[in-house]
Structures are given as C-alpha cells and as structure tokens.
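Each remark here refers to the structure printed beneath this line.
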Protein chains: 4
Amino acid sequence: MTRPRHVPSSIKDEQLVTIRRNQMIKAAVKLFKEKGFHKTTTREVAKEAGFSIGTLYEYIRKKEDILFLVCDYIYERVMERLHVMIDTESGSQEELVRGVTSYFQLMDDMQDEVVIMYQEVKSLSRQAQEYVLQKEGAMIALFEQLLEKCTTGLRKEEIHLLANNITVQGQMWGFRRWMLQKTFTIDSYAKLQTQYLLQGANLFHEGGQSSGTVRI
Amino acid sequence: MTRPRHVPSSIKDEQLVTIRRNQMIKAAVKLFKEKGFHKTTTREVAKEAGFSIGTLYEYIRKKEDILFLVCDYIYERVMERLHVMIDTESGSQEELVRGVTSYFQLMDDMQDEVVIMYQEVKSLSRQAQEYVLQKEGAMIALFEQLLEKCTTGLRKEEIHLLANNITVQGQMWGFRRWMLQKTFTIDSYAKLQTQYLLQGANLFHEGGQSSGTVRI
Amino acid sequence: MTRPRHVPSSIKDEQLVTIRRNQMIKAAVKLFKEKGFHKTTTREVAKEAGFSIGTLYEYIRKKEDILFLVCDYIYERVMERLHVMIDTESGSQEELVRGVTSYFQLMDDMQDEVVIMYQEVKSLSRQAQEYVLQKEGAMIALFEQLLEKCTTGLRKEEIHLLANNITVQGQMWGFRRWMLQKTFTIDSYAKLQTQYLLQGANLFHEGGQSSGTVRI
Amino acid sequence: MTRPRHVPSSIKDEQLVTIRRNQMIKAAVKLFKEKGFHKTTTREVAKEAGFSIGTLYEYIRKKEDILFLVCDYIYERVMERLHVMIDTESGSQEELVRGVTSYFQLMDDMQDEVVIMYQEVKSLSRQAQEYVLQKEGAMIALFEQLLEKCTTGLRKEEIHLLANNITVQGQMWGFRRWMLQKTFTIDSYAKLQTQYLLQGANLFHEGGQSSGTVRI
DNA sequence: GATGAATGAGCATTCATTCAT
DNA sequence: TATGAATGAATGCTCATTCAT
C-alpha cells in the first residue's frame, strides 16, 4: 500500500517518509494512549519519535495529520487481516466463526489503537472524518460479505445489523476492558459472543441446537 | 435528587445553582456536540447559556466540571428511567423486552449526550473518570437485575455479558447513526436487536417462535 | 483622632464606620501577614472580618483603601506611643534610652504590621504613598525632637541620621527576625543597639571617651 | 559563574540563555521599579526585553522566575564585590572602613534592584524565599568575617549585630532615599555611618576610649 | 534533511467592583 | 444597612507552527 496522498510531506525520499512516519505513529499511539490527543503536544511526539520538532513538521503539515496517520494505520492493519479471512474462507459456518474470532483476536491486540481512534475522531477535520467513516464502512462491508458467504436466509438489513454488532463487539472488548476483562479472557469472550451471534440469528444448521444443552 | 457535591459552587442559593447548571448543561451539550469539548471555549458555553464568563465560574471551578456535570446529568436520567423499569417489572419476558426497548428509546432521545460522554471521558480527571465508570457499572448492574428477574437458566457471566451487550447496543445507536439510521428506525432497530438478544440467549420460552418465520 | 477623610464611606453612622473598619483592619493584617496584599482577595478580608463582600464595599471604595487603613492604623499607634514619650521626657540621657527602648518594644509588638506596611506601600496610589511618607517623616521628626532634647553637641544632620538609624533598627527587628531573633531577645537587642547608638554618637557623659577629637 | 539550575529553560544553548535572561533582568528591574512586580505583566517584560511573550516563556517557567532571576542577579553582584574586599583585605581598621564604604557604594549603584528585592521577596515561593534568605545569610557571614579580621575584643553576638547593621544601613540608603538623599551624598552618608559604626563598637585605636568598662 | 529558537494567537481563570433586592 | 449574584477586563501561560541556519 502506498502511503495515502492525504498527508503531503516536503521530503522527497518516499522511503524515508515511511520510516519517519512509522516512528511518529508508534510514538503517537504510545502518547495518545496515555494522555489523549489533545493533551499530547507535538513536541512530545517528536521527542518520543526520536527527532526534533522541526523534523516532525517536515513529514506532516498539522498536528491533526498525526492523528490521521494513526487512524489510517489502524484501518490498514484491520483491513489487511480481514481481507486474508475473506479471501481464504469458502463459506462454511465454521469459517464464519473463525473469521469473527480472528477479528476479536485482532481487536485484543490493537485495543489501545482502537480506543484512541474512537475517542479522537471528532478531532479530525470533516474531510478526514469522512475518510475514516468510509474505512469503517468498508470494514462493515467485509463482514457483510463474510456473513453473506457463510449464511443463508438472512435479509440484507439483518446482515447489516449483524455486521455492525460484530464490529462493535470487537471494539467494546477494548473500550470496556475495565469491566469485561475482569470476567472474561479474549477467548471465552469470543466464544460466548459468537455463540450468541449464531443463535441470535438462528444460524445453527441442524435441528434442535437451541435446546438448553447448546450453550458452551 | 440534590445535585452531587462533587462540583462545588460559590453561590449559596441551591435552587439557583440547579437552574444555572441546567442552563450550562444544555448549552454545553449543544456546543460539545458541534465542536467537541476541547474546541469549545468556556466563553462560548457561558454565552450560549446566557450569562457572562464570570457567572459561569461562580457555578463551577474548572472547565472540566462542565463536562462532569454533563456526564452526571446523563447518568441521572438513564438511571432514573431504568429504575422505573426495574421497580415496575415483575419478571416476565415481555417485560424484559419492554425494558430493553425503553432503554433504546432513551438512548435515541439522548444520542448527543451519550456520544459526547463516550468521546470525552478521557478529558476528565482520574477521579471523575472513576465516578463515571462507577455509574456505568451501576447501570450494568440494573440490567443484570432485570435479566435475572426475567430469565432463568443463565449463568452469572452470561447475564453479565448480555447486560453489556444491551448497554452497548443502545449506545451504538447513537455512535453509528451515520450508518444504522440509514437502514433502521429506532423501533425496527430495537425490535431486531431484542429479538437477537432473546434468541441468542435462547430465551424464547416455548414452541415454534424460533422457526424461520419468527424473524421480524 | 477622627478617622481620616482620605477614605470615604457611604455609611453615615460614624461609630459604625469605626467598628467595621477596625474589624477590617484586624482581618486584613492577619491575611496580609499570611499571604501578602496581592494574594489576599477582598472576599477573604470580608469573610475574615465577619461580613459580606457587599458590606465591605460600603466602608471602602477600593481594595487599596484597606491597605491604606492598615498603614494609617500602624502609624497612629506608633505616633501615639512616641508622643507619650516625647511629652513626658524632660531631656536626660536615660530618657533617650528609655524612649528608644520603648520604641523597640513597640516594634516588637507590631512586627507583622510593620513588615506588611513596608512590603506593600508600593501598592498604594502615589497620593496614599505620599501620606505614608509624610507620616514616616513625622515619626523621624519626633525622634529628632527626642534626640535634640536629650543630647548636646550634635549637628542637625547627625541628629537626622541617628533618628533614621533608630527608626530603621526598630523596623529591622521585625524584618530580619529570622536572623536576629535566633541570637537576641528584644531586650538584649535593644540594649546593645542603644549602647552602640550612644557610643557611636559619642554621647556617654562621663569620662574622656567623648573627646571632641574623636569624630573623624 | 554559570546561571544556577534553579530556573530551568527549554532552550539548549546555554550562552543564549544567559544573554536572554540578562535582557529579561534588565527589563524587569526597570518595570518592577516603576510599577512593582504585581502590576507588571509578563507581556510588558517581554516587550521591554525586546522579544515576544512566547520567547519569554522559553527561558522561564513562571512569572515568579523573573523575580527570582532578579534577586539572584543582585546577590551575585553583591557577593562578587564583597568577595573581592574580603580576599584583598589583610585586617587593618582602614580596610574595614574601605570595605564598608565600598559596600555602600555598591548599594548606591544598585538601589533600584535592592528596593525591588526587599519589597517583593514575599511574592516568591517558600523555596525561593529560603534561597534568598540563605544568600542574605551568606552576605552577613562575609561582613562577619571582615569584622573579625579587622577588629579585636568583640563578642560573637556583637559582630553579628554589627554585620546586620552594616547590611541594613546599606540597604536603607536606597529605601529611604526620599529622606536621606535630601541631606546626604552617598559619600557623606558612608563617612558618617562608618564613623558611628567604629565609635559605636568602640573600635578607634588611639586613646582610652575603648576602655572595657564602657560597654554595657 | 535536520534543527531548535522565535512567534503570537488563543484560552482558562481570577477577582475587584457594582447594584438590585 | 446588609447581602451576594453578576459582571468582564485583565493576565498568566501554552503550544502549534514557521523559518533561518
């Protein structure tokens, strides 16, 4: 993936741009996690990234760009992972479960980044916000594809809602960690949520699986 | 409910404090919705509320207090509504559905407030954040009570997760309005989500309602 | 002494004015001592004095007036005491010593007030400052009278300098308390300073030590 | 002397820090002299110093730091001058006189600075105040050394008091200029005060005037 | 390309003072 | 007379951004 043209840099060397921006993103995630976007200064990001404030501004135009780069980075990683799933799945219910579980795992890995993104999008320009929403839409679309592939008998709007539910349940694992992670591990969480998902949408193939014994 | 002593005011007239703070909250919600907490200045809040900056600071100590008052106000209203539900319900499944639906309605009414709260809690002091989390915990606990009352055969952790799912699904109606509200009305959303909820947790009492025709 | 017309009040009852202002002065001295004039708010003075901010402003026009009243109060007390001395002394050297010692005692009593006054005069209006300087001048003049009465052979300028030295040495007992009061009591301090004073000005009667040739 | 680490700066170039701070001190002294510390705004200091408010704050953290730098600067100059005296004097009475006179000359040069310092120390933090008192203590100690070197037969406490008297008499030349400088020049003032000092402490060599029985 | 000193717009907060009750 | 709510000018301080070296 080439770096999006949304954030221009005055540096010519494309490779250097990528290196420096990755340093910036890493530094920014660390700091935004601790103090939030607004309470983090550009100087702090530069320092944490290992270069001067002057250098920082060679690779971005405005502070907001840093946030945008972070958001972009997150979606890139999420989409990458989801694409792998979609492309390899052939449509069975197990594969749906595997896909959702894999997404939950990713959300576990990227808790901090996701929380940052959701808490700070408001700070982006309208334009950048639209870009992010569009990415979020693309993510939902992937889940819709996955659901379409792996289920039958669901109406479009049902698929839409389920895709949203999956997405949000992945995110809430990070958002509500202070509550959920007292009771669940990511595995037990993923298991129970996918079970509710399948049952809720009445997706269990065979017969009487909605008898009491089904759970767990 | 008297206003909590968490935010001291230098004005002695308790009633006046309540009036002015409600003006402030209303103004703040409007502005925070438009521009976020950080980009809203205290002067703007004062002006929107209809009094001077000096007067604003007679009723709060720090800008953060405004945000806290907003959060507190939201929880007060949510808890109030939930309490009514809990207290009047006697335990049938219809009442669970009614409770959840009522909560979704409330979340529809308070979309802006809820979005603000979730996007800006990070800006609160640690202490205030803890207060908010505690309130959120109390809300979850109410849903757990409701579930306990209206279901059987669910393990503690299942009830916990379901309570969280309900809560988050209510909130996401506001958060993801740009996506969900293209497809659903609050009623159709509530209906489908509660259906998934009941089915997911295997709560339909008897018979054929989980046949294909059940959906919708 | 009638209260000086320098600080007008909107209250008619002269007696009440005196009472309230004395409350104010007492409160102000306490607070200025602790935090200085600038860091003390008018509200704090009012509260400490036992009435409301509104009432405070019935008895003064500006915050500065409080400081002025304090200064005025101090001089009134100092002058009062010095007058007693001057009026009763008949001119012997013992009486000079007694007068100076008595002044030192007073400075010991009024340490806080004196320190406040000297540290904060700068905050007064030019006009008020002149009034204070004039009072200080009057005080010096009293010491000059005392010296004149009790000594012989001193030139005008010598008397002037000695009067200033006495005055300042009284004040420094308060100013430099952190240093002087580790080594001296007010009594031992007074004794040693008056001794230096008399010797320095060559005022011991008996013996040859006051031979005219000594002075440079 | 490197500038003390008490006031950190975010500028790395040590030399530049010294230059800018000297500009600040000069500007501050001028303004504080005119209007006092509290009535002088940081913007005014910056403007007078010839740079922007932003730049000012690159070299200090808080307004108080400016005052501290002024105090520190004064003591540095005073101590420097006193050290020269102490180091070169070998112990004769003439040299004591020369030392004191030189100090008086310095106090004449630094009248404004000294007055500012004494009027505004109260505005410093407790910590900074202690630093200043400690410097003042060091100054007294130097005078004690000088007295010890140049006199005989004086008790410790006498030396202590005399050192304080010298110090304060130097300072009062600035404080009471409105009164003293009508009558004296710094030279005539120095001459008369040193005379009183020597006589007062009974230090004239010739003749019997220092007979032990005189004191007390 | 990298640096970091300089800039100043912008904002939260304070507090003396007024005035209607 | 006494009260205290309302006011808004004033000010300390921050921090994104620029640009000369």
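Letters A, B, ... are given to chains in the order of the sequence lines, protein chains preceding strands, and every chain is numbered from 1. Given the structure is predicted, the values throughout are model-derived calculations rather than measurements.
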Practice problem: Using modelled atom types only, decide if a donor and an acceptor are shared between the side chain of Gln119(C) and the backbone of Gln119(D) within a distance under 3.5 Å. | Solution: no
Quiz item: Which residue pairs pass the salt bridge (charged side-chain N to carboxylate O under 4.0 Å, His left out) test when at least one of the two sits in residues 114-132 of chain B, sequence neighbours left out?
Solution: none
Practice problem: Flag the pair Ser9(C) / Glu58(C) as yes when at least one side-chain heavy-atom distance between them is below 4.5 Å, and no otherwise. | Solution: no
Exercise. Quick one: list whatever passes side chain to side chain contact (heavy atoms under 4.5 Å, CB included) with Glu34(D), sequence neighbours left out.
Key: Lys30(D), Leu31(D)
Quiz item: On DNA chain E, nearest-nucleotide positions of Gly54(D) versus Leu16(D): which is more 5'?
Solution: Leu16(D)
Quiz item: NA contact type, Ser10(D), heavy-atom cut-off 4.0 Å: base, sugar-phosphate, or nothing?
Solution: sugar-phosphate
Quiz item: Within this structure, what is the CD1-to-P distance between Ile66(A) and dA16(F), rounded to whole angstrom?
Solution: 8 Å
Practice problem: Output yes when a side-chain donor or acceptor of Thr55(D) lies under 3.5 Å from a complementary backbone atom of Phe51(D), and no otherwise. | Solution: no
Quiz item: Taking DNA chain F as the partner, which of residues 28-36 of chain A come within under 4.0 angstrom of it by heavy atom?
Solution: none
Collect all protein-nucleotide pairs involving nucleotides 10-13 of chain F in which both atoms are nitrogen or oxygen and the distance is under 3.5 Å.
{"residue": "dA10(F)", "atom": "N6", "partner": "Arg43(B)", "partner atom": "NH2", "Å": "3.0"}
{"residue": "dG12(F)", "atom": "OP1", "partner": "Lys63(D)", "partner atom": "NZ", "Å": "3.1"}
{"residue": "dG12(F)", "atom": "OP2", "partner": "Thr42(D)", "partner atom": "N", "Å": "3.0"}
{"residue": "dG12(F)", "atom": "OP2", "partner": "Thr42(D)", "partner atom": "OG1", "Å": "3.1"}
{"residue": "dG12(F)", "atom": "N7", "partner": "Arg43(D)", "partner atom": "NH1", "Å": "3.4"}
{"residue": "dC13(F)", "atom": "OP2", "partner": "Tyr57(D)", "partner atom": "OH", "Å": "2.6"}
{"residue": "dC13(F)", "atom": "OP2", "partner": "Lys63(D)", "partner atom": "N", "Å": "2.7"}
{"residue": "dC13(F)", "atom": "N4", "partner": "Arg43(D)", "partner atom": "NH1", "Å": "2.8"}

Exercise. Examine distances only and state if a side-chain atom of Arg43(A) and a backbone atom of Ile53(A) form a donor-acceptor pair shorter than 3.5 Å.
Key: no
Exercise. Go through the structure and list residues passing ring pair (Phe, Tyr, Trp, His ring centres under 6.0 Å) with Tyr75(C), not counting sequence neighbours.
Key: none
Practice problem: Only counting residues at least two apart or in another chain, list the ones meeting ring pair (Phe, Tyr, Trp, His ring centres under 6.0 Å) with Tyr57(D). | Solution: none
Quiz item: Can you list the residues that meet the side chain to side chain contact (heavy atoms under 4.5 Å, CB included) rule with Leu133(C), with sequence neighbours excluded?
Solution: Trp178(D)
Quiz item: By side chain to side chain donor-acceptor pair (under 3.5 Å), which residues pair with Lys35(C), not counting sequence neighbours?
Solution: Glu44(C)
Quiz item: Which two nucleotides bound the region of DNA chain E that has atoms under 4.0 Å from heavy atoms of chain C, read 5' to 3'?
Solution: dC15(E) to dT18(E)
Quiz item: Do Asp72(C) and Tyr131(C) have side-chain N/O donor and acceptor atoms under 3.5 Å apart?
Solution: yes
Self-check item: Which residues share a ring pair (Phe, Tyr, Trp, His ring centres under 6.0 Å) with Phe32(A), sequence neighbours left out
Solution: Phe37(A)
Quiz item: Which residues pass the side chain to side chain contact (heavy atoms under 4.5 Å, CB included) test with Lys33(A), sequence neighbours left out?
Solution: Val29(A), Asp112(A), Ile116(A)
Self-check item: Residue met sooner reading DNA chain F from 5', once Ser52(B) and Glu58(C) are mapped to nucleotides
Solution: Glu58(C)
Self-check item: Ile11(C) CD1 - dT3(F) P separation (whole Å)
Solution: 11 Å
Exercise. Could you give me the stems involving DNA chain F, meaning stretches of three or more consecutive Watson-Crick or G-U wobble pairs whose two defining distances are both below 3.5 Å?
Key: E:2-21 with F:2-21
Quiz item: Thr55(D) or Lys12(B): which one's nearest nucleotide on DNA chain F is closer to the 5' end?
Solution: Lys12(B)
